[in-house]
Amino acid sequence: MVPTASRGPDLRRIAFAAIGLLLTSGCGGGGSGRAVSPQAATTGRLAEKPGDRSPYIVDAHHGGKASEMRLVEMSWGRLVDVHDVDANGVPNATPLFRDLVVKESVISDATGYVLERNPVTARTRLIIRRTFGAPARGGVTFEDLLRAAEGPLAPVQPRALAGTSSLPFSLVPRNACLVLRFDDLLEDSAATARSLEQTLSLHTGYPPTSPFRARVLFDPNHGGVSGGAFHSTRVLVDLTISPAEIAGIATPVPPNPVGLPASIPDAPQANVSLELPFEVDPARGQFLILRNLSGARLASEDNGPIVTTQTPSLQRALRS
């Protein structure tokens, strides 16, 4: 496919000014019960990031000032780069959204989407057969198709490893991307992004005790603005790693095109465990934890299953 020239800034500004579109961003319930900030009124709306003016989707947040954070929900989907097309139907070379998680059910069809995988980089791109900000064609706009592709994502239920009450565990494809949505703006500086994988741990097996390496990144497409800068509200855990993605990982790891080890088909027990420490514990090698912009950590109450046998952590158990 022949790439076209990049769209000009005027078109993008006009698109944001004219759309005023409310997107359903794949967010479920389970809020913290605290007072909701004014930013929540625009939840799901497309907005412009300061600086590069690229689009993002607004998540509810507390301006980065909450006294503690909560993991609102965990879900999974397919990681893609999203492109629109020009007036002639040719895909624009530059994606509008990089590393966006969409529903697993999104596939290529005759009128809405083209889903294709680059055999060299192993990255997947989703081409939406509409122009961003353009009037509806066939009664459907780019934003309509984006909304349909993005959610709702499949949920991962908040289950702990211990106890029979945890059954059944959510079943997640081995090569999926996990989405962790929090209720406030995250401290997502470049330094933190480089070490983000240290803020959580993944283990697999029966029981899940074998460390598993994934590509962990801040979601660049959901969040809000504080202090004149965009900040994410979500963490993505990409369970596969392509050769092209290794360079972005602080500690080198071999490529993994397959993802998680498979669970035993007839075994109901979880074979994957994800932990999010909410305390720094140098004695156990835990030097970094997730924080919001004001430095608050994850809440240790009303935040789903907690384990305290090692470093106190939130826990989410599942099957692959």
Side-chain angles (χ1 to χ4, degrees), residues 26 71 73-82 97-108 115-126 149-159 161 166 168-181 193 196-221 234-276 314-320:
L71 176 59
E73 67 175 354
M74 184 170 163
S75 54
W76 64 267
R78 184 199 304 270
L79 196 64
V80 301
D81 294 333
V82 177
F97 299 92
R98 296 183 186 274
D99 290 320
L100 181 76
V101 181
V102 299
K103 296 184 297 186
E104 181 70 12
S105 59
V106 176
I107 59 174
S108 297
L115 189 70
E116 57 187 25
R117 187 175 177 85
N118 187 310
V120 177
T121 65
R123 291 184 67 87
T124 300
R125 73 174 186 170
L126 179 68
E150 197 207 4
L153 300 177
V156 176
Q157 299 299 330
R159 299 285 192 259
L161 280 174
S166 291
F169 293 101
S170 296
L171 190 63
V172 173
R174 299 169 62 186
N175 61 348
C177 182
L178 301 175
V179 181
L180 284 64
R181 180 170 69 90
L196 185 59
E197 63 180 298
Q198 299 176 26
T199 65
L200 60 82
S201 61
L202 271 173
H203 292 85
T204 62
Y206 289 98
T209 56
S210 300
F212 180 86
R213 291 289 303 278
R215 188 172 72 100
V216 186
L217 62 152
F218 289 111
D219 184 338
N221 303 302
R234 305 186 183 195
V235 170
L236 306 181
V237 183
D238 186 4
L239 300 174
T240 63
I241 303 175
S242 70
E245 292 167 336
I246 292 176
I249 300 176
T251 305
V253 61
N256 177 7
V258 176
L260 293 167
S263 61
I264 299 173
D266 296 328
Q269 297 86 2
N271 70 310
V272 180
S273 177
L274 183 147
E275 281 83 32
L276 285 162
L314 305 185
Q315 184 178 75
R316 298 293 186 269
L318 54 102
R319 295 180 60 216
S320 59

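FYI, the numbering just counts along the sequence from 1.
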> With a 4.5 Å limit on heavy-atom distance, are the side chains of L236 and V179 in contact?
Replying inline: yes
- Query: Just by distance, do the side chain of D81 and the backbone of D99 share a donor-acceptor pair under 3.5 Å?
  - Reply: yes
> Within the side chain of R174, is there an N or O that forms a donor-acceptor pair under 3.5 Å with the backbone of L260?
Replying inline: yes
For the pair N221 (side chain) and R98 (backbone), establish whether a donor and an acceptor sit closer than 3.5 Å, ignoring hydrogens and angles.
yes
### Message
I'd like to check P211 versus H203 (side-chain heavy atoms, cut-off strictly below 4.5 Å). Are they in contact?
### Response
yes
Residues passing the side-chain hydrogen bond (donor to acceptor under 3.5 Å, both in side chains) test with N256, sequence neighbours excluded, are none
Taken to the nearest 0.5 Å, the spacing of L153 CG from E104 CD works out to 10.5 Å
Open item on the list: Taking the side chain as everything from C-beta on, heavy atoms only, tell me whether L239 gets closer than 4.5 Å to L202.
Closed with: yes
To the nearest 0.5 Å, atom CG of D238 lies from atom SG of C177 at 5.0 Å
Derivation of the side-chain contact (heavy atoms from CB on, under 4.5 Å) call for L276 and V235: CA-CA 11 Å; L276 285 162; V235 170; over 6 Å; no
Can you check whether L79's main-chain N or O pairs, donor with acceptor, with R123's side chain at less than 3.5 Å? no
Can you confirm whether T124 sits close enough to L126 that some side-chain heavy atom of one is under 4.5 Å from a side-chain heavy atom of the other? no
### Task
Applying side-chain contact (heavy atoms from CB on, under 4.5 Å), run through M74 and L178 and close with a yes or a no.
CA-CA 7 Å; M74 184 170 163; L178 301 175; 3.7 Å; yes
Q.
Please check: side-chain N/O of S263 versus main-chain N/O of S320, any donor-acceptor pairing under 3.5 Å?
A. yes
Examine distances only and state if a side-chain atom of Y206 and a backbone atom of A267 form a donor-acceptor pair shorter than 3.5 Å. no
- Evaluate the side-chain proximity of P208 to V272: yes if any heavy-atom separation is below 4.5 Å, no if none is. no
Counting N and O atoms only, with roles assigned by atom type, does the side chain of R213 sit under 3.5 Å from a partner on the main chain of E197, one being a donor and the other an acceptor? no
Are L115 and S108 close enough that some pair of their side-chain heavy atoms sits under 4.5 Å apart? yes
Check: Is a donor on one side and an acceptor on the other found under 3.5 Å between the side chain of S273 and the backbone of A317?
Finding: no
Correct closest heavy-atom pair for V172 and W76 would be CG2-CD1, 3.6 Å
- Item | V156 and L274, any side-chain heavy atoms less than 4.5 Å apart | no
dist R234:CZ -> R181:CZ (nearest 0.5 Å) comes out at 6.0 Å
Practice item. Walk me through it: do L180 and L71 pass the test side-chain contact (heavy atoms from CB on, under 4.5 Å)? Key: CA-CA 7 Å; L180 284 64; L71 176 59; 3.8 Å; yes
Output for pair (K103 NZ, E150 CD), nearest 0.5 Å, gives 10.0 Å
- Under 3.5 Å: donor-acceptor pair, side chain of S242, backbone of T121: yes
Here the gap from E275 atom CD to L161 atom CG, rounded to the nearest 0.5 Å, amounts to 6.5 Å
